[in-house]
Amino acid sequence: MFSNQKMSRNFICTLKYYNVTLWPRLVKNVNGMYIFTGISGVMFTCVKKTDLILIHSNKLNLTLFKGHHAKLTGQSGVTAPAIKTTWFQTEKQYLVIQLEGKLKPGKSYWLYTEFTGELADDLEGFYRSEYMEDGEKKIIAITQMQATYARKAFPCFDEPGMKAVFHITLIHDLETTALSNSQEITVFVFHAVIPSTAIITRTIFGPTKKMSTYLVAFVVSDFKYISAKDKKGVLVRIWARKKAIEDGQGDYALKITQPILEFFEKYYNTSYPLSKSDQIALPDFNSGAMENWGLVTYRETALLYDPRTSANGNKQRIATVVSHELAHMWFGNLVTLKWWNDLWLNEGFASYVEYLGADYAEPNWNMKDQTILYDLQRAFAVDSLTSSHPLSRKKEEVNTPSEISEMFSTISYSKGAAVLKMLSEFLTEPVFAKGLGNYLKQFAFGSSVHSDLWDHLQKAVDQTPGVKLPYSVHEIMNRWILQMGFPVITIDTRTGNVSQKHFLLEPDAVVDRKSEYNYEWFVPIKWMKKHQVQDQLWLLQKSALHKPMKVSKDEWVLANLHVSGYFRVNYDLGNWERLLSQLESDHQVIPVVNRAQILDDAFNLARASIINITLALRTTKYLLHEREYIPWEAALRNLNYFFQLFDRSEVYGAMQAYLKKQVKPLFEYFGIISSNWTTVASGHTDQFTQIIALSLACSTGVEGCRELTRSWFKKWMQNPHNNTIHPNLRSTVYCDAIAAGGTEEWNFGWQMFQKATVAAEAVKLRSALACTKVPWLLNRYLEYTMNPEKIRKQDATSTIGYIASNIIGQPLAWDFVRANWDYFFKLYGTGSFTFSRLISDVTYRFCTPFELSQLKRFQKDNAETGFGSGTQALQQAIEKTTAKIKWLAENKEPVLQWFLSESP
Ligand code: BES
Ligand code: ZN
């Protein structure tokens, strides 16, 4: 009846406030269902004359008033037009209200609804979570609104730009506590009407600040908390299951929250905008964490830390997730991007500054350097495909819930972070922070678009003598955010010629997507010569001569110093040789992140057939002397990729032999400093390296390694109440022992998994159970992922992913996903990352023509059901597999020869 355009743009109003009262029932009703009931009203002022109101509502059963789904009344003496009809536009999730007459501009109206909804276990909107405590099943009611689920909790104008004040009231049982964005102001007890014997509590929360619907949150639970007040009187509380709090699992999060808030107040030059900060760990939660304003929700593994059983990697995860979500309290919550097409700026920004906040709380962790592993290199991996997309999308391209959820991609997060880091570094951090602070001041409690940030950064540049840019912030940044991909910079040190080219993993790939900038970028190049840091260079054309880069035979050039730029670097062969010999003679002359980047660039240039694969392989020779985490991790990832390609071929043996030789000194080194593996290294990232040493040594068969890990596991099996395996090493040890063992080891692991009371420990076991080589165990484990009593819904896709990373499990997982596609699609069809992760995980190992044809067939067979938020992931899988097939045909032989020549 209405065109799409009209459906979304007709209703124009400014919102004032909502009054929302909700009552979740934590016991089943007579029909065996969990439900919630609610009443909600919204006050708005009409801007344009209209006789049509569009308000979001999804899966709610609305009460009829005189045959209509809502009531409308005018304010201050204005009479509202009568409602003519109401109906649901299900595709866009609107309740449409057609009026008899027109709403008047400038006048205010009150739109009221009453409704019932299901409190399902679907991880969306207002939903329920279950857990066991002392043999008793507990139910709690919680929310996840981002991106489009607030409309499933109460009817609302569910767009990030439509901010309002929320007055929230929750009705709940006496023995439970209710939480929401604001502080509770009154709690009183009354008798329920039905059943009249029940005594019920009503918790009324103070009005929120003006905010978006996707940041609204409610919780009703019997959780406990620990708390502290910061210097300015802000109340900080950490909430979790009673047992977890009593166990001290919330202590670490409480300890770091204050310094992190303090850091961001300084960094943004703006006080924390609210009077309290609650953070809560939930047993069932789809993503990692959610930045609801004042009530941040987390998966248990992202908030709870148990010093006795959690690894230092688990601790780091908590520090970065807390920092990420708290960063959003300003960037995202105080100032909100108007529409989801700019999501990259919200998530990319938080993903960048999470390292700054975590670094402030944990200064000895070398957090800032780790961004290159977790953002830059992750982004490069997908942004080098023709199926990539620009960071920024047109508003018109992002409409439906699944288009919106597809925005939560690696590109938005990791490329967003990497590009913003580059921007901050070429502006310098004080200039970046100054522009940022002014942007937050101007748009506080309002909404913006990405160019508003560029405006403020440009002003800060203009006001700072000494900072000179070749072009405006807009012009420079547009090239990075409006075109997909990134350049490879080639430096010819014989001539000083510097040039750029769009980097593509598949050399012959055709780029269908046009770019008005022709896939050229304005590239800030920080660089050094042997021993000396040089002035930054801006490459503004396709190629340019830069004389200082012409060097003599005993010098070398290293570009993208400290890896602050979002680009790869290639050199003439002579310079590569000189860099390699520098690495072998004294690698410390080259900064640690650059050592990692040389490795990652070389491997990827080789995968794109730009340099020889043997040159890339040679970058791993110096690892004999390397003791630092970041280069080892970069090496491991690239070598793992090789394992995936070759572990079904004759290259495997030779590769194992070479790696065994390379890792042996590292294994021995840690053996010595850990008194024969009885303790762990003292440095934080050294502990990560120690884990790499153990797992690589065991997997390549270094003498003494497997004996160690298997004896530790056996000891635990003999005495299940006393696990003496160091928490850092558990993932590796469990996996190795279960892979080597049979049913007995698996069953033991499964029992321990079910008994685990610390979520981080449960994850270690859940992933290790996927390491078994016994097919029927793997198949049964796959079946368990469809049974929420065995594997929680939140963990189903990652469990399948773990199984798919096992060489035996891969084909089983692929068959399983294909056979149950409809089921998964229904479960996760519109939902976030998890779904696209599922596709990329089960196809990760694909590298044969047969596998490619299976992929294409799968695409065809399910064209009708579709792939929802996994559409992109499927395209990426096809493109990656195609590239691997080609590459293997040309490179398998030289790789084999090289490994043979380098093995002992
Ligand atoms: N806003 C997101 C949570 C989210 C993700 C909501 C996808 C809806 C769909 C939150 O700020 C976030 O980014 N969480 C991350 C963790 C973070 C440390 C990268 C997550 O959930 O993985
Ligand atoms: Zn985020």
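In each ligand, atom 1 is the first atom listed, and ligand 1 is the first ligand listed.
Taking every non-hydrogen atom of His328 and a distance limit under 4.0 Å, the qualifying atoms of ligand 1 come out as 11 (O). Atom numbering of ligand 1 starts at 1 in the shown order; those under 4.0 Å from a heavy atom of Gln144 are 6 (C), 8 (C). Under a 4.0 Å criterion applied to the non-hydrogen atoms of Glu291, ligand 1 contributes the atoms 1 (N), 2 (C), 10 (C), 11 (O).
For Glu347, the nearest N, O or S atom to the Zn ion (ligand 2) falls under 2.8 Å.
The NE2 atom of His328, the Zn ion (ligand 2) and the NE2 atom of His324 define an angle of 100° (nearest 10 degrees).
Polar contact with ligand 1: absent for Val321 (N/O pair, distance under 3.5 Å). Checked by distance only, ligand 1 and Tyr413 come closer than 3.5 Å through their nitrogen or oxygen atoms. Polar contact check, Glu354 against ligand 1: no nitrogen or oxygen pair lies under 3.5 Å apart. Polar contact with ligand 1: present for His324 (N/O pair, distance under 3.5 Å).
When the heavy atoms of Glu325, Met407, Met290 are ranked by distance to atom 15 (C) of ligand 1, first place goes to Glu325.
A salt bridge is absent between Asp383 and Arg378: the closest approach of a Lys/Arg side-chain nitrogen to an acidic carboxylate oxygen does not fall below 4.0 angstrom. Using a 4.0 Å cut-off between charged nitrogen and carboxylate oxygen, Lys395 and Glu397 do not count as a salt-bridge pair. Salt-bridge annotation for Lys338 and Glu159: absent, with no side-chain N of the basic residue lying under 4.0 Å from a carboxylate O of the acidic one. At a threshold of 4.0 Å, the pair Arg299-Asp795 counts as salt-bridged, since one of the basic side-chain nitrogens sits closer than that to a carboxylate oxygen. We find that Arg241 and Glu300 are joined by a salt bridge, their nearest charged nitrogen and carboxylate oxygen being less than 4.0 Å apart.
Of the residues listed (His56, Glu124, Lys59), the one engaging Tyr149 in a side-chain hydrogen bond (donor to acceptor under 3.5 Å, both in side chains) is Glu124, and it is the only one.
Proximity of the aromatic rings of Trp293 and Tyr214 is defined here by a centroid distance below 6.0 angstrom, and this criterion is not met.
Contact between Arg299 and ligand 1 is absent, with no heavy atom of the residue lying under 4.0 Å from the ligand.
Summarising the geometry of Lys163 relative to Phe445, their closest heavy-atom pair is CD-O, 3.6 Å, with the distance given to 0.1 Å. Between Ala147 and Trp340 the shortest heavy-atom distance is O-CZ2, 3.6 Å.
At a heavy-atom distance under 4.0 Å, atoms from both the backbone and the side chain of Gln146 approach ligand 1. At a heavy-atom distance under 4.0 Å, only backbone atoms of Ala289 (N, CA, C or O) approach ligand 1.
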